[in-house]
K.L.:
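Dropping the structure in here first, questions after.
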Amino acid sequence: MYDILVIGGGVNGCGIARDAAGRGLKVLLAERADLASGTSSASTKLIHGGLRYLEHYEFRLVREALAEREVLLAMAPHIAWPLRFVLPHHGGLRPRWMIRLGLFLYDHLGGRRILPGSRALDLSRDPAGEPLRPEFRSGFEYSDCWVDDARLVVLNAMDARARGAEIRVATEVTACRRVGRVWQADLRGPSGGHQTVETRVVVNAAGPWVGEVVQHVTATAERSPVRLVKGSHIVVPRLFEHERAYIFQNADRRIVFAIPYEGEFTLIGTTDVDFAGDPSTARISGDEVAYLCRAVSAYFEKPVAPEDVVWTYAGVRPLYDDGTASAQEATRDYVLALEGGRGAPRLLNVFGGKITTYRHLAEEAVDRLADEFARIGPAWTVGATLPGGDFEIGGTARLADELMRDCVGLDAATARRLARSYGTQGRKLLAGARRVADLGRDFGAGLTEREVTYLVRYEWARNADDVLWRRSKLGLRLKEDERQALRDWLETSLGGILAEPEDRKERT
């Protein structure tokens, strides 16, 4: 008997599983594909308050998100770090006084302690003005943060498991039914086998599939108040040399980001397009590619064209349907809908949310369920680090130097990537390797057998996409023959890695 069954291995589901396990509850999380295989790996990868939400008067959402930025920085300084955003002033869109007021509120709503405040910029002198068209001579700069979204999900799952939760990937919950005071849930595992489990509470954190679960799995309603909105991104070769990001205003009152990405690239996004159908089929359209290229070309001196795009991705946001006319105006706030009680087992449906507020959402979700359990611990996640995050903010360079000292021949770029991906867990990954040759085959871009084995053993990776596009973004750097070599190696090695005894895995 489980206390909580969490359906969905995105950031909200893994965050809830972690919070609940840390309070002493028996938790099972089931994800029918891979962790972060949906929306949680298809974000703009920002921890931000949402500057544009101030125009929609969503002050509580902005305040909560701003406060969470520094909490998440302290939790995971390896995969999250501060980022300065440059906002060129476009006189024809929003007046200067409005932007100054918005930035003043942004600086002060969230109790900022670590991040520097906003300031005006003279783009005719500041290096941030160099790649811009000459008419943009003034602007502003403010702070938000960047995060590796898919790794954030995996680290929450790892911490949940370390605290006693059971995490199952490639496991679909096919049906849930109330039987007396408990739920009986039917699960289909990766090999097609079926199992029925009992749980006191079901949490539906299925992201864009939340409505599907409501209608077809728990069968608790004919429809759900969810609005599916597709957000698409493009990646192009690096457009500027500095490490700041840009936020551009557009004539349709949307904003588009241009963000330094994986060293050699620039990430551009996002769009807001209403979506219907299976979220797993979401792809960027030609119109969206053209829109994003036009949006940034209106600001950069060197235009960006569709043929410059080296990679695209699209995700579907499960927004709460508040009845607004346009997708861009729909609320980004979350709604926790609790059903059952008075002898009937509880169901909690999670609608909406954003990566920035996932920890707060998880804490509130478990608080809402607390009266179901006689023994449950207090909220605890503020100040608790995620795996690998037990070092000071800004300490990744020192950690990378340590990894190079311990493993002779490890190049600086790979050491930096390992430090920023795994933090102090990088020591575990490299344990016993005195030199680079000890890490086994290099599939390209510094991705070795040792690292892939670690991802399979400890991070639920099962195929090349899990490794190259979610646990890392090395798919951008590996050539097709190198990707195929990784696929071939995993096909022959996966069974042996998974079959190793748990005690041996822990000693590795």
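A quick note: this is a predicted structure, and the numbers were derived from the prediction, not measured. All values below come from the heavy atoms of this structure, side chains included, with hydrogens, waters and symmetry mates left out.
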K.L.:
Hey, are Thr424 and Asp390 close enough side-chain-wise for a donor-acceptor pair under 3.5 Å?
P.N.:
yes
K.L.:
Strictly distance-based, threshold 3.5 Å: is any side-chain N or O of Asp411 a donor or acceptor partner for the main-chain N or O of Thr414?
P.N.:
yes
K.L.:
Is there a side-chain contact between Arg227 and Phe351 in this structure, where contact means two heavy atoms from C-beta onward sitting under 4.5 Å apart?
P.N.:
no
K.L.:
Is there a donor in the side chain of Asp287 and an acceptor in the side chain of Ser285, or the other way round, less than 3.5 Å apart?
P.N.:
no
K.L.:
Could you check if a side-chain atom of Val236 sits within less than 4.5 angstrom of a side-chain atom of Phe265, using non-hydrogen atoms only?
P.N.:
no
K.L.:
Please examine the side chains of Lys45 and Ile259, heavy atoms only from C-beta on, and report whether any two atoms are closer than 4.5 Å.
P.N.:
no
K.L.:
Look only at the side chain of Thr266 and the backbone of Leu239, and say whether a donor-acceptor pair between them is shorter than 3.5 Å.
P.N.:
yes
K.L.:
Using ring-ring contact (aromatic ring centres under 6.0 Å, His included) as the criterion, list what pairs up with Phe85, not counting sequence neighbours.
P.N.:
Tyr142, Phe257
K.L.:
Of Asp34, Asp148, Asp149, which is the lone residue that meets salt bridge (charged side-chain N to carboxylate O under 4.0 Å, His left out) with Arg471?
P.N.:
Asp34
K.L.:
Can you tell me if Arg434 has over 12 outside heavy atoms packed within less than 6.0 Å of its CZ?
P.N.:
no
K.L.:
Does Val467 offer a backbone N or O that forms a donor-acceptor pair with the side chain of Ser472 under 3.5 Å?
P.N.:
yes
K.L.:
Show your working on side chain to side chain contact (heavy atoms under 4.5 Å, CB included) between Tyr358 and Leu72 and close with a plain yes or no.
P.N.:
CA-CA 10 Å; Tyr358 92 91; Leu72 299 186; 3.8 Å; yes
K.L.:
Could you go through the side-chain hydrogen bond (donor to acceptor under 3.5 Å, both in side chains) check for Thr270 and Arg317 one step at a time?
P.N.:
CA-CA 12 Å; Thr270 181; Arg317 309 180 190 101; 3.3 Å; yes
K.L.:
Please step through side chain to side chain contact (heavy atoms under 4.5 Å, CB included) for the pair His48 and Thr356, ending with a clear verdict.
P.N.:
CA-CA 6 Å; His48 67 135; Thr356 306; 4.0 Å; yes
K.L.:
Working note: Val350 + Leu336, criterion side chain to side chain contact (heavy atoms under 4.5 Å, CB included); need CA distance, chi angles, decisive distance, verdict.
P.N.:
CA-CA 5 Å; Val350 180; Leu336 303 176; 3.9 Å; yes
K.L.:
Could you pull out all residues at least two apart from His233 that satisfy ring-ring contact (aromatic ring centres under 6.0 Å, His included)?
P.N.:
Tyr313
K.L.:
Is there a donor-acceptor pair under 3.5 Å between the side chain of Glu166 and the backbone N or O of Leu28?
P.N.:
no
K.L.:
Tell me if a side-chain donor or acceptor on Arg52 pairs with a main-chain N or O of Ile255 at a distance below 3.5 Å.
P.N.:
no
K.L.:
Ser41 side chain to Ala36 main-chain N or O, any donor-acceptor pair under 3.5 Å?
P.N.:
yes
K.L.:
Just by distance, do the side chain of Asn156 and the backbone of Val153 share a donor-acceptor pair under 3.5 Å?
P.N.:
no
K.L.:
Evaluate the side-chain proximity of Leu187 to Val197: yes if any heavy-atom separation is below 4.5 Å, no if none is.
P.N.:
yes
K.L.:
Is there side-chain contact between Arg477 and Leu447, with heavy atoms separated by less than 4.5 Å?
P.N.:
no
K.L.:
Treating Glu70 as the side-chain partner and Ile114 as the backbone partner, does any N or O pair qualify as donor plus acceptor under 3.5 Å?
P.N.:
yes
K.L.:
Using modelled atom types only, decide if a donor and an acceptor are shared between the side chain of Ser297 and the backbone of Val304 within a distance under 3.5 Å.
P.N.:
yes
K.L.:
Considering only distance and modelled atom types, tabulate donor-acceptor pairs under 3.5 Å from the side chains of residues 488-495, sequence neighbours left out.
P.N.:
residue, atom, partner, partner atom, Å
Asp488, OD1, Gln484, NE2, 2.9
Thr492, OG1, Asp488, O, 3.4
Thr492, OG1, Trp489, O, 3.0
Ser493, OG, Trp489, O, 3.0

K.L.:
Assess Arg151 against Tyr422: is NZ or CZ under 6.0 Å from the centre of the six-membered ring, and within 45 degrees of the ring's axis?
P.N.:
yes
K.L.:
Is any side-chain heavy atom of Trp469 closer than 4.5 Å to one of Leu476?
P.N.:
yes
K.L.:
Does a sphere of radius 6.0 Å around CZ in Arg163 hold more than 12 heavy atoms from other residues, nucleotides or ligands, not counting ones at 6.0 Å or beyond?
P.N.:
yes
K.L.:
Quick one: sort the Tyr261 and Trp311 rings into parallel, tilted or perpendicular, breaks at 30° and 60°.
P.N.:
parallel
K.L.:
Within the 4.5 Å heavy-atom criterion, are Leu73 and Pro82 side-chain neighbours or not?
P.N.:
yes
K.L.:
Less than 4.5 Å apart, side chain to side chain, heavy atoms only: is that true for Glu482 and Phe443?
P.N.:
no
K.L.:
Checking Arg18 side chain against Leu386 main chain: does a donor-acceptor pair fall under 3.5 Å?
P.N.:
no
